[in-house]
Number of protein chains: 2
Amino acid sequence: MNPAQEQHPKIRSTAEAQRQRIVAEAVPVFARAGYHATPVTEVAEAAGVSPAYVFRLFPGKLGLFVATVEHCYESVRRALVEGGESTGEAAPDTVLDAMSEAYIQLIGDRDLLMLQVHAQSACDVPEIRQAVRRGLKDIVTTVSETSGADAASVQRFFAYGQLCHLIVQADLSAVDAPWAKTLSDGIRHADDITPKEV
Amino acid sequence: MNPAQEQHPKIRSTAEAQRQRIVAEAVPVFARAGYHATPVTEVAEAAGVSPAYVFRLFPGKLGLFVATVEHCYESVRRALVEGGESTGEAAPDTVLDAMSEAYIQLIGDRDLLMLQVHAQSACDVPEIRQAVRRGLKDIVTTVSETSGADAASVQRFFAYGQLCHLIVQADLSAVDAPWAKTLSDGIRHADDITPKEV
DNA sequence: ACAGTTACTGATTAGTCAGTCACTTAAATA
DNA sequence: TATTTAAGTGACTGACTAATCAGTAACTGT
């Protein structure tokens, strides 16, 4: 039921344009509480359309979530490429460092990090697991090729990336204690304006 | 109506004993799909009691989950201590390596790893976030003190620990591709009997 | 002008699940 | 034995939510 729709860009909003818009709006919504804890209604509301229409545009909540996750991975990938290319033709480890820095910058708007985390933890749903694998595959490949670093360095890159996820999830920036500093040292981003919690 | 009882069906246990038993039974149940996607009924069924009784023993589903998460962190902590102490009085990095090995062993029964993951991703619920922080605090402290390693090494330990989580979540052992090997190299556990998926 | 297509919604349904309550049964104690 | 206390459950409810459908409004080509 999806014949050719890309010709000249129409002024009126097409179904495809709405799909993309809704997916973009869905990122922060799903990023808050994840797949299972986020009703489609919330996404619809954020996008300013009726829930019924979301179900018409996507094959169920699952389809919507998968599309959102794919969008998220693609955004992350682009951010990494940009960060890496900003160094020009440098040594592999230098490029990798620049990519790390780019990833740390993403902590700024937590959404992309959190959505990945939620996608990962919903991996018991086969479609989501496959989306996660596809996204990981793209990012691992991109990082490897763009940086030219060896496997061990790439692995280290992802290990510390996952550590970022933990720090964001538990909001360790808000914890003022030695153990929290141990985990987030060097990763902590500049915007530590968050009030202190216990 | 619940045949899953022990030898003497007459004897009753105390509420406290049941609480502990139910928490232990809850670990693998919550480990499958996480907090939001797991109905209390499933836990009750696994423990061989009625859902109503679970609600009587715990302050709501949230209380049950928090108790389960705490139990999980304590198990992990003990496993790490055991692994670390098996080296006797060795150099910090040696102890840390032994702990890493102990953690990798935990991949064997995925449950403890997955429950941590689900707890982390449910951190938008304040009570869960605080439980995660308490658990992390204990483990970071234990690892630091038991190994005597410096902060950077401890941070690295947790970074690769989080990488383990990703590997287990997406079940990368079942993926036979270069990018998957890059991520799981050296972490892959011996039991790679899982059939290959795409 | 009109017919046909496409965007979009209100109303509804069927199912799930957290939590409660009145109740039964078993042990402890007097 | 009688009374009290604690373990444990069936049967409900009220709230929520994924998904559907019949329909209306807006745009398009002819």
Side-chain angles (χ1 to χ4, degrees), chain A residues 1-23 25-26 29-30 32-68 122 124-125 127-128, chain B residues 1-23 25-26 29-30 32-68 118 122 124-128:
Chain A
M1 280 310 182
N2 250 332
Q5 45 227 4
E6 68 228 86
Q7 282 289 6
H8 278 278
K10 311 277 177 152
I11 295 170
R12 190 166 178 282
S13 89
T14 70
E16 186 49 38
Q18 287 287 56
R19 253 185 284 264
Q20 288 180 265
R21 210 177 55 82
I22 291 170
V23 160
E25 299 278 6
V29 180
F30 276 125
R32 272 198 276 282
Y35 175 64
H36 294 292
T38 306
V40 174
T41 312
E42 260 182 58
V43 176
E45 203 170 337
V49 296
S50 72
Y53 192 46
V54 176
F55 280 104
R56 164 152 271 189
L57 290 180
F58 294 89
K61 181 185 179 181
L62 183 53
L64 168 64
F65 186 73
V66 167
T68 307
D124 56 293
V125 181
E127 288 88 344
I128 297 179
Chain B
M1 311 311 170
N2 253 321
Q5 282 288 33
E6 50 268 53
Q7 298 95 330
H8 300 288
K10 305 265 179 161
I11 59 163
R12 289 185 175 190
S13 46
T14 69
E16 187 49 37
Q18 286 288 56
R19 252 186 286 264
Q20 287 181 265
R21 212 177 54 81
I22 291 172
V23 160
E25 299 278 7
V29 181
F30 277 126
R32 272 197 276 281
Y35 176 65
H36 294 292
T38 305
V40 174
T41 313
E42 262 181 56
V43 175
E45 203 170 337
V49 295
S50 71
Y53 192 44
V54 175
F55 280 104
R56 171 151 209 165
L57 289 180
F58 295 89
K61 182 185 180 181
L62 183 53
L64 169 63
F65 186 73
V66 167
T68 308
H118 284 130
D124 56 293
V125 181
E127 288 88 346
I128 297 179

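From a predicted model like this one, the values you see are computed outputs, not experimental measurements. Chain identifiers are assigned alphabetically (A, B, ...) following the order of the sequence lines, protein sequences preceding nucleic acid strands; residue numbering begins at 1 within each chain.
Taking side-chain N and O atoms only, B/S13 has no distance below 4.0 Å to OP1 or OP2 of D/dA6. Between A/Q18 and C/dC8 there is a side-chain N or O to OP1 or OP2 distance below 4.0 Å.
Atom-to-atom distance recorded for B/H36:NE2 and B/K61:NZ is 7.5 Å, nearest 0.5 angstrom. If you take OG1 on B/T68 and NE2 on B/H118, they are separated by 13.5 Å, rounding to the nearest 0.5 Å.
For A/E42, the CD atom is densely surrounded, since the number of other residues' heavy atoms within 6.0 Å is greater than 12.
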Please step through side-chain contact (heavy atoms from CB on, under 4.5 Å) for the pair B/L64 and B/L57, ending with a clear verdict. CA-CA 9 Å; B/L64 169 63; B/L57 289 180; over 6 Å; no
Atom pairs, N/O to N/O, protein against nucleotides 17-24 of chain D, distance under 3.5 Å?
residue : atom : partner : partner atom : Å
D/dA18  : OP1  : A/K61   : NZ           : 3.1
D/dA18  : OP2  : A/V40   : N            : 2.9
D/dA19  : OP2  : A/K61   : N            : 2.8

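Nucleotide C/dA26 holds its C1' atom 12 Å from the OH atom of B/Y53, rounded to whole Å. Between the C1' atom of C/dC17 and the CG atom of B/L64 lies a distance of 14 Å, rounded to the nearest Å. Here the C1' atom of nucleotide C/dA18 and the CZ atom of B/F58 are 16 Å apart, to the nearest Å. Atom CD in B/E45 sits roughly 12 Å away from atom P in C/dC17 (whole-Å rounding). For the pair A/E16 CD and C/dC8 P, the interatomic distance rounds to 13 Å; values are reported in whole Å.
With sequence neighbours excluded, the residues that form a ring-ring contact (aromatic ring centres under 6.0 Å, His included) with A/F65 are A/F30, A/Y35. For A/F55, the side chain to side chain contact (heavy atoms under 4.5 Å, CB included) partners are A/V40, not counting sequence neighbours.
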